[in-house]
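Throughout, a chain's letter reflects where its sequence line sits, starting with A, and its residues are numbered from 1.
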There are 2 protein chains.
Amino acid sequence: MTFEKGPGYIQAAQLLKSWDDILVICHANPDGDALGSMAGLVWGLRALGKRASWYCGDPVPPRFSYLFEGMEKQEFSPAHIVTVDVADPSLLGDAWDKFGHGIELAIDHHSTHKSFSPTSWVCPSFAATAEMVWLLLQKLRAAPSKELANSIYTGIATDTGCFRHRNTSPHALRTAAEMLELGAEAGDINQKIFGTKSRAQIQAEGLVAESMEFACQGKAALVQIPLSIYKATGATEDELGSLADMPRQVEGVLVGVTLKEKPDGKIKVGVRVNPPANAAEICGKFGGGGHAGAAGCTLAEMTMEEARQTMLAACRAYLANLA
Amino acid sequence: MTFEKGPGYIQAAQLLKSWDDILVICHANPDGDALGSMAGLVWGLRALGKRASWYCGDPVPPRFSYLFEGMEKQEFSPAHIVTVDVADPSLLGDAWDKFGHGIELAIDHHSTHKSFSPTSWVCPSFAATAEMVWLLLQKLRAAPSKELANSIYTGIATDTGCFRHRNTSPHALRTAAEMLELGAEAGDINQKIFGTKSRAQIQAEGLVAESMEFACQGKAALVQIPLSIYKATGATEDELGSLADMPRQVEGVLVGVTLKEKPDGKIKVGVRVNPPANAAEICGKFGGGGHAGAAGCTLAEMTMEEARQTMLAACRAYLANLA
């Protein structure tokens with residue numbers, strides 16, 4: 001099956017081929033595809049003999065630190081800047097202030113991508129930006145390595161929920177197969193990312209599950225993750241990241257909502273849906289975005305209770321229209 | 001990468017090619033690979049114009065009923081009998097009494113396979129028997145269909161824990177990719193098998209998680225699923241099947257044990273491990289078997305408390321030797 005890559009592919013490859021002293025940036029609050037794409041592109045560009053480094057507006061979560069193991073620090077003034085997995089400059093955190101003026105190329109798979117660079121390769125057919133990075137590096141004939149394979153595998157596995165979500169495509173599966181053959185330590189990565197929870201996490205998940213409420217004849221489910229949960233169990237915010245998927249797992253639920261209280265008082269909303277619901281549509285109404293199956297938005301100047309009421313009302317309105 | 005299929009492959013293909021009026025049998029208490037391999041082989045043999053039917057010593061769990069949707073009943077006296085995914089005749093349930101004498105061919109991927117048929121194709125390199133069924137059907141040039149693709153996909157996805165377990169291989173991933181291209185409804189299957197829990201299930205999982213205990217400096221974890229849990233929550237035994245994976249998910253745990261009380265008083269033990277522990281070794285001591293990562297055994301004439309003590313002692317002894 002030939003894969004329609006889109007016009008930006010050739011351009012992006014040509015730019016990267018001609019460049020040196022490259023800075024690769026991913027979005028703040030990075031997930032596995034952001035980090036895997038970023039690390040993968042750096043490993044690949046360096047394999048081509050180029051100088052390449054990376055920047056992220058937030059620290060790398062400890063469970064993803066393996067992506068950078070053995071990556072030597074290269075100090076240089078970037079001549080060219082490329083972003084990976086970034087749909088909107090507002091998601092860059094402080095990288096926008098630091099480097100926004102210099103971004104020349106964006107590589108992204110989000111359908112909600114808002115153009116912010118002179119050149120971009122945006123292709124929503126891909127399950128993960130990491131697939132796009134791999135295609136570019138193949139075109140440039142970068143010598144593969146275990147580190148590169150781990151990076152690309154990580155991006156694909158995380159964005160597909162370990163090949164479980166509906167965005168899992170034949171291309172994603174085949175690229176993962178190739179990464180395993182190139183030495184990707186999938187078993188260890190899967191265990192670390194998908195298969196391991198701390199005791200604090202198991203405890204917190206139990207408490208959060210107890211708060212689950214249903215609405216719209218069971219078609220909507222909502223859970224709250226107040227700051228007090230972290231204190232009560234010792235779990236970290238990062239550890240509870242996978243909770244976003246919990247509400248939609250309940251039979252009959254079309255729209256699952258997670259309300260996460262942040263230290264700055266804002267409420268981070270995660271929406272995960274089952275077809276035919278569309279998460280990006282729901283979050284778009286609040287200035288957020290993402291994908292059809294998974295999206296997010298942030299509610300400011302609201303208490304958790306106000307956020308709860310707001311999202312329940314949004315679910316009611318959305319589901320009434322869907323029927 | 002050429003895949004070493006083993007000598008039984010050619011023989012098995014030749015037999016199936018020459019046969020008609022075939023009965024395909026899988027093991028009792030069937031899982032996704034047993035059912036997917038069985039349904040897949042029937043769909044494929046029928047696509048070759050042969051008469052083929054299936055038998056399982058236990059009812060098909062409702063969530064797997066889609067595998068047989070549209071499969072017309074064919075009544076005939078079987079001329080040939082083949083088993084799929086069966087490692088030992090004791091796992092056949094009443095199929096052994098009914099058909100054991102006539103089994104001519106066994107197709108299986110378990111390393112613990114005990115020969116019980118004149119011809120067999122046993123290859124532990126495969127993550128799922130379903131991969132082997134697909135290879136045979138390809139050799140026989142069976143016309144693929146969505147139903148066949150759904151069956152093969154189901155077998156591979158379930159036995160790899162949706163491509164998460166360490167048995168996930170490039171071949172498994174590529175075969176899954178091919179099944180998607182042949183029309184396998186992976187998104188729906190994944191949601192049904194891996195992504196949906198009833199409210200009773202969520203409740204039961206919370207209760208079971210609360211019973212989790214740790215031993216051997218946190219290297220062993222054990223949970224109990226007494227019959228009372230089913231009454232208290234309304235969850236069915238089938239719904240709590242995925243709980244076997246819960247104990248080993250906790251950070252630091254090498255050996256996770258699940259004790260499930262059965263209506264006949266026996267205790268079904270599930271063991272799931274992280275490397276370097278070996279589940280088949282632990283269960284082998286009690287007459288059980290399975291794979292390195294996942295295995296089971298049954299304890300009879302014991303109370304739940306005695307079973308708990310027995311397995312904790314077994315873990316202690318095993319982990320002491322492992323150190």
Side-chain angles (χ1 to χ4, degrees), chain A residues 1 156-157 160-182 184-203 205-210 212 214 218 221 239 245-253 272 274-275 293, chain B residues 1 156-157 160-182 184-203 205-210 212 214 218 221 239 245-253 272 274-275 293:
Chain A
M1 179 174 103
I156 298 173
T160 57
C162 205
F163 311 100
R164 194 155 65 80
H165 299 327
R166 289 172 185 274
N167 59 354
T168 307
S169 64
H171 188 266
L173 288 161
R174 287 203 174 92
T175 307
E178 199 174 353
M179 293 310 105
L180 261 64
E181 284 169 335
L182 292 173
E185 296 153 308
D188 290 344
I189 293 171
N190 290 349
Q191 188 181 336
K192 189 178 294 206
I193 307 301
F194 306 107
T196 305
K197 303 180 184 186
S198 65
R199 292 194 207 188
Q201 197 171 344
I202 296 252
Q203 206 188 348
E205 289 183 357
L207 288 173
V208 169
E210 275 171 40
M212 196 182 301
F214 298 90
E239 279 175 328
D245 218 44
M246 186 198 278
R248 82 159 151 185
Q249 290 191 345
V250 182
E251 213 158 36
V253 170
R272 304 282 182 273
N274 293 312
Chain B
M1 180 172 110
I156 298 173
T160 57
C162 204
F163 312 100
R164 192 156 67 80
H165 299 328
R166 288 171 186 275
N167 60 353
T168 307
S169 64
H171 188 266
L173 288 161
R174 287 202 174 94
T175 308
E178 200 174 352
M179 294 309 104
L180 261 63
E181 285 170 335
L182 292 174
E185 295 153 310
D188 291 343
I189 293 171
N190 289 349
Q191 187 181 336
K192 191 178 293 205
I193 307 300
F194 305 107
T196 305
K197 303 181 183 187
S198 65
R199 292 196 207 186
Q201 197 170 344
I202 296 252
Q203 207 188 346
E205 288 184 355
L207 288 173
V208 168
E210 276 171 39
M212 195 181 302
F214 298 90
E239 279 175 326
D245 217 45
M246 187 198 276
R248 83 157 151 188
Q249 289 190 347
V250 182
E251 215 158 33
V253 169
R272 303 286 181 273
N274 293 311

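- We find the CD1-CD distance between Ile202(B) and Glu205(A) to be 10.5 Å, quoted to the nearest 0.5 Å.
- Among residues two or more places apart in sequence or in another chain, the salt bridge (charged side-chain N to carboxylate O under 4.0 Å, His left out) test is passed with Glu178(A) by none.
- By the side chain to side chain donor-acceptor pair (under 3.5 Å) test, Ser198(B) pairs with Glu239(B), sequence neighbours left out.
- Atoms CZ and OG1, on Arg248(A) and Thr196(B) in that order, are 9.5 Å from each other to the nearest 0.5 Å.
- Of the listed residues (Met212(B), Met246(B), Lys192(B), Gln249(B)), the greatest number of heavy-atom pairs within a distance under 4.5 Å of chain A belongs to Gln249(B).
- Chain B forms more heavy-atom pairs under 4.5 Å with one residue of Ala157(A), Gly187(A), Ala176(A) than with any other, namely Gly187(A).
- Using a 4.5 Å heavy-atom cutoff, the side chains of Asp188(A) and Arg166(B) are in contact.
- Between Gly195(A) and Arg164(B), the shortest heavy-atom distance links the atoms CA-NH1, 3.5 Å.
- The minimum heavy-atom distance linking Leu180(B) with Ser169(A) is given by the pair CD2-C, 4.0 Å.
- At a 4.5 Å heavy-atom cutoff, Ala186(A) makes no contact with chain B through either its backbone or its side chain.
- Annotation for Pro275(A) and Gln191(B): closest pair CD-OE1, 4.1 Å, computed over non-hydrogen atoms.
- Using a 4.5 Å cut-off on side-chain heavy atoms (C-beta onward), His165(A) and Asn190(B) make no contact.
- Per-residue heavy-atom pair counts under 4.5 Å with chain B were compared for Glu251(A), Gln201(A), Arg199(A), and the maximum is reached by Arg199(A).
- The line from CG of Leu173(B) to CZ of Phe163(A) is 6.0 Å long, rounded to the nearest 0.5 Å.
- The minimum heavy-atom distance linking Ala177(A) with Pro170(B) is given by the pair CB-O, 3.7 Å.
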